[in-house]
Amino acid sequence: MTLAAARALVAGARSIAVLTGAGISAESGVPTFRGPGGLWRNYRPEELATPEAFAADPSLVWEWYAWRRGLVAAARPNPGHEALAALERRSAAFQLITQNVDGLHVLAGSRAVIEIHGSLWRTRCVGCGEVRTDRTPAPERIPPHCPCGSLLRPDVVWFGEPLPEDLLGRSIDAVDACDLMLVVGTSGVVQPAASFADAALRRGAPVVEVNLDPTPLSGRATISLRGRSAALLPELISGGPEGGKS
Ligand code: OAD
């Protein structure tokens with residue numbers, strides 16, 4: 001019944017905004033941050049994903065990112081990513097906002113993707129600021145350096161750092177314009193991404209949450225679906241023209 005109601009909302013929506021988190025990539029074999037298998041050498045992400053941690057020990061932070069690059073390099077998009085790519089193809093207006101840095105949405109065929117926390121596959125020089133694509137599973141030397149001599153860092157957003165203003169602005173615009181928001185596989189504890197759903201709800205746009213477990217959003221969401229995104233998302237979009245599978 002709830003799934004049927006959510007499917008009807010998806011089938012009737014004209015402008016869809018989607019926010020995804022680590023849970024959507026879990027079934028591709030990429031561990032979530034706060035779930036089992038997410039801890040590397042017993043560090044919490046808040047201890048490594050910070051400018052302070054990088055300043056104190058760039059090699060340690062790079063070793064963590066090299067581990068994560070290795071996991072993601074071996075991962076393929078799963079039916080959850082693919083369902084969102086299919087939903088985009090049939091939607092009049094669609095914007096995917098992801099907190100994930102793994103690049104799996106783009107690999108699945110999604111086009112309108114805002115990687116609001118950056119990408120594992122880019123480096124940024126802390127000196128000259130040059131951003132480069134780097135798809136090697138691990139940098140040749142840790143920590144890697146720019147030809148200008150300064151350290152390279154992953155081009156991702158760390159705790160305590162602001163989101164890139166243009167990406168945040170485009171995300172807010174999409175949330176403000178949507179008549180349906182999907183929130184998939186995120187614990188909803190990291191701001192400002194966590195507040196997007198409330199902004200949609202305040203405007204009266206329905207919000208459908210897909211998550212394995214209850215989150216702080218579950219009580220406020222219009223519909224909260226409990227289960228695996230790789231199973232639920234294909235079901236959710238199966239009411240539209242590209243659907244048929246259930
Ligand atoms: P979390 O690890 O905090 O949360 C993952 C969420 O996915 C949890 O709510 C799980 O219940 C859910 N989940 C796990 N497996 C699932 C599945 N198969 N199907 C559906 N849901 C599933 O990850 P995020 O919310 O993405 O930021 O974390 C947000 C941010 O905190 C990350 O982008 C990162 C992190 O520290 C930075 O590094 C700045």
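Counting starts at 1 for both ligands and their atoms, in listed order.
Residues Asp102 and Arg68 are not paired through a salt bridge, judged by the lack of any N-O separation under 4.0 Å between the basic side chain and the carboxylate. Using a cutoff of 4.0 Å between basic side-chain nitrogens and carboxylate oxygens, Arg153 and Glu161 are scored as salt-bridged.
Considering backbone and side-chain N/O atoms, Asn100 never comes within less than 3.5 Å of an N/O atom of ligand 1. Annotation: Ala26 places no N or O atom under 3.5 Å from an N or O atom of ligand 1; distance criterion only. Taking any N or O of Glu27, backbone or side chain, at least one lies under 3.5 Å from an N or O belonging to ligand 1.
Contacts between Thr186 and ligand 1, counted as non-hydrogen atom pairs separated by less than 4.0 Å, involve both the backbone and the side chain. Here His117 has side-chain heavy atoms under 4.0 Å from ligand 1, and that is the only part of it that gets that close. Looking at Val101 against ligand 1, nothing comes within 4.0 Å, counting heavy atoms.
With hydrogens and angles left out, the side-chain atoms of Ser238 and Arg7 include a donor and acceptor closer than 3.5 Å.
Residue Val190 approaches ligand 1 through these ligand atoms, each under 4.0 Å from one of its heavy atoms: 29 (C), 30 (C), 31 (O). Of all atoms in ligand 1, listed by their number and element, those nearer than 4.0 Å to a heavy atom of Phe159 are 36 (O). Every atom of ligand 1 with a heavy atom of Arg228 under 4.0 Å away is listed here by number and element: 19 (N). Against a heavy-atom cut-off of under 4.0 Å, Ala22 is close to the following atoms of ligand 1: 23 (O), 24 (P), 26 (O). In summary, the atoms of ligand 1 found under 4.0 Å from a heavy atom of Gly21, numbered by their order in the structure, are 26 (O).
Considering each of Pro154, Ser218, Gly227, Ser187, the one bringing a non-hydrogen atom nearest atom 3 (O) of ligand 1 is Ser187. The option with the heavy atom closest to atom 10 (C) of ligand 1, from among Asn211, Thr215, Leu163, is Asn211. When Gly23, Gly188, Gly185 are ranked by how near their heavy atoms come to atom 17 (C) of ligand 1, first place goes to Gly23.
With hydrogens and angles ignored, the 3.5 Å screen pairs no side-chain donor or acceptor of Glu88 with any backbone N or O of Ala85. Counting only distance, with no hydrogens or angles, the side chain of Ser195 and the backbone of Pro192 share a donor-acceptor pair below 3.5 Å. Formation of a donor-acceptor pair under 3.5 Å by the His145 side chain with backbone atoms of Pro143 is found in this model. Looking at Ser119, its side chain does come within 3.5 Å of a backbone N or O of Trp121 through a donor-acceptor pair.
When every heavy atom of Ala6 is checked against every heavy atom of Ile223, the shortest pair comes out as N-CD1, 3.6 Å.
Among protein heavy atoms, the minimum distance from atom 39 (C) of ligand 1 is reached at Val157 O, 3.1 Å. Atom 32 (C) of ligand 1 has as its closest protein heavy atom Phe33 CE1, 3.5 Å. Summary of contacts: the protein heavy atom closest to atom 29 (C) of ligand 1 is Gln99 OE1, 3.5 Å. Of the protein's non-hydrogen atoms, the one nearest atom 28 (O) of ligand 1 is Arg34 NH1, 3.2 Å. Considering only non-hydrogen protein atoms, atom 15 (N) of ligand 1 sits nearest to Leu212 CD2, 3.5 Å. Residue, atom and distance of the protein heavy atom nearest to atom 19 (N) of ligand 1 are Ser229 N, 2.9 Å.
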Next item on the list: Check step by step if side-chain contact (heavy atoms from CB on, under 4.5 Å) holds for Ile24 and Leu84.
Entry: CA-CA 10 Å; Ile24 194 166; Leu84 291 179; 3.6 Å; yes
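Using cut-offs of 30° and 60° for the angle between ring planes, the Tyr65 and Trp158 rings count as tilted.
Ligand 1 lies out of reach of Ala230, whose nearest heavy atom is not under 4.0 Å from it.
Listed by chain and residue number, Asp155 satisfy the salt bridge (charged side-chain N to carboxylate O under 4.0 Å, His left out) test with Arg124 (two or more places apart in sequence, or in another chain).
In the hydrophobic clustering of this structure, Val72 groups with Val61; members are Ile, Leu, Val, Met, Phe, Trp, Tyr whose side-chain heavy atoms approach within less than 4.5 Å, directly or through other members.
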